[in-house]
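In what follows, every chain begins at residue 1, and chains take the letters A, B, ... in the order their sequences are listed. Fair warning: this is a prediction, and the values are worked out from it, not measured in the lab.
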2 protein chains.
Amino acid sequence: MDTSQTIVRKSLHHELVDRLQTLILNSELKPGTKVPEKQLCDQFGVSRTPLREALKVLATYGLVRLEPNRGAWVTQVTEAEVEEVFPVLGALEALSGELACARITDAEIEEVRALHAQMVQSYQNRDLDAYFIVNQQIHRAILMAARNGTLTTSCEALSLRMQRARYLANMSESRWSDAVQEHEKILHHLAARDGAKLAETLLHHMDAKRASVIKWLQSQRDDSPSGLA
Amino acid sequence: MDTSQTIVRKSLHHELVDRLQTLILNSELKPGTKVPEKQLCDQFGVSRTPLREALKVLATYGLVRLEPNRGAWVTQVTEAEVEEVFPVLGALEALSGELACARITDAEIEEVRALHAQMVQSYQNRDLDAYFIVNQQIHRAILMAARNGTLTTSCEALSLRMQRARYLANMSESRWSDAVQEHEKILHHLAARDGAKLAETLLHHMDAKRASVIKWLQSQRDDSPSGLA
DNA sequence: CAACGTAATTTTGAATTCATAATTAAGTCA
DNA sequence: TGACTTAATTATGAATTCAAAATTACGTTG
């Protein structure tokens, strides 16, 4: 709900940050490959200057790695990174839950409840894509209710890193079922405005997600041994 | 004092990020003022391209704000920002404490103990500058012991934002005394490898710091009413 | 033919240039 | 004088250029 009259003027480099982010998250730029600078310039119809500025920013997000004199490379999600990021994300989501319980309005709770119903519906339909979109919306709604922009930025930056590739679009049937039950709890504690319980649940939720992603990464690793073509 | 001979493996823009960061933290670039692009280019002997790349990165750290067609401005620490950042920093430091307890070596505990003794000494000497440096080293040592690079990066980015200007170099006598006592506890729980207690203590420590900084900001605000010269 | 060294090509990093937007200065008129 | 226009100046954003580094292609030699 942005009611401000200010004209949003996006600079080119900012626009490119968004576009490149999308390309990376959609794996149109593949992990481990080199960012094709010249090709992207042609594709977007821009010069190298703003594109390179955008790459510097994406490097701070950890989406690309800059190698001096060798260009930018799309980073890969490693097991080590997942083991690092999820605990941090867990702590931040837990805080988000606590703050949200203190500040969320009744109307916002109803919004989350509606999203939750949608999510359950997607689960029952076994529509994974829809499920993940609504799932994210729920976490985002709680984050918004926490009324802390810094927390939002931090969470989203880390989430972004975990969203590369399609790990999250892969869950075992049992994990999926568990996740839905965890979300039942999340909604319950949020509606009761029980910050401590919500924090605890979100922490557990994140840890379970971590384990699930790790499992998937390992299965991927075993499927295709590195270095062979 | 020209230290530019150290530039070897770092790209120019990265070096400039560091240099500008230093200028901002030392208030050589003052909050609320415009970043003098041309002057800095002359000063560092570089062209605008790498400098502007660095500014894009600093904007993601929240140290400068980019206004389209109007240049980069050094951001100010506001009360609202402090109220946002410290809770997040608290959650992260708490996690850092928990992880550190699980992973820290005996040797590292002794290092922290030594730093702590140094800090107490600085306190007794009423040497605020020395105190703050050692204080930071202690927090950093715990962070290192947590063995989580993502956590380190996140914490340091937020700490950086709170380090602008000299807020932290200002404490009431009673707050200083309390802070030292909190640090006694921190050392104690760390040495006992009691993660839960350490987390709790760090959380409280951060909240007290938040209150102290807010108090100082308010006194500053009352001293010099905004908008008047 | 494989390993090495060298030349050609491409890519990168950074300076420079150029068009445009913003700011400042100067001029006009009530 | 002071508000409003308009011109001159300056600063910004982005394209282009250029030197240096890396990569590739090629040829030589053992």
Nearest-angstrom distance from the residue atom CG of B/L51 to C1' of D/dT12: 13 Å
Gap between atoms CZ and C1', on A/R48 and C/dA14 respectively (whole Å): 9 Å
Test item: A/D127 side-chain N/O and A/S122 main-chain N/O as donor-acceptor pair under 3.5 Å: no
Nearest-Å distance for atom pair NZ/P, residues A/K56 and C/dT12: 11 Å
Phosphate contact (C/dT23 OP1 or OP2) by B/R70 side-chain N/O below 4.0 Å: yes
N/O donor-acceptor pair under 3.5 Å between B/T75 side chain and B/L63 backbone: yes
Contact under 4.0 Å: B/K34 side-chain N or O vs C/dT23 OP1/OP2: no
Nucleotide nearest A/N69 (side chain, heavy atoms from C-beta), chosen from C/dG13, C/dA21, C/dA14: C/dG13
Between P of C/dT11 and CG of A/L66, the distance in whole Å: 18 Å
Touch class at under 4.0 angstrom, heavy-atom based, for B/Q39 against every strand present: nothing
Minimum-distance nucleotide to A/P50 side chain [options: C/dT11, D/dA15, C/dA15]: D/dA15
Which nucleotide in D/dT23, C/dA15, C/dT11 has an atom nearest any side-chain atom of A/K38: C/dT11
Donor/acceptor link under 3.5 angstrom from A/S47 side chain onto base of D/dA14: no
Expected output: side-chain A/S212 to main-chain A/A208 donor-acceptor under 3.5 Å: no
Closest-nucleotide ordering on DNA chain C, the 5'-leading residue of A/E37 and B/G45: A/E37
Nearest listed nucleotide, side chain of A/S11, among C/dA22, C/dA15, D/dA14: D/dA14
Interatomic distance where CG belongs to B/L55 and P belongs to D/dA14 [whole Å]: 14 Å
Under 3.5 Å donor-acceptor, B/E108 side chain and B/T105 backbone: yes
Interatomic distance where CD belongs to A/E53 and P belongs to D/dA14 [whole Å]: 7 Å
Parallel, tilted or perpendicular: ring planes of A/H183 versus A/H139, cut at 30 and 60 degrees: perpendicular
Whole angstrom value for the distance that separates C1' of C/dG13 from CG of B/L16: 12 Å
Protein-nucleotide distance (A/F44, atom CZ; D/dA15, atom P), rounded to Å: 13 Å
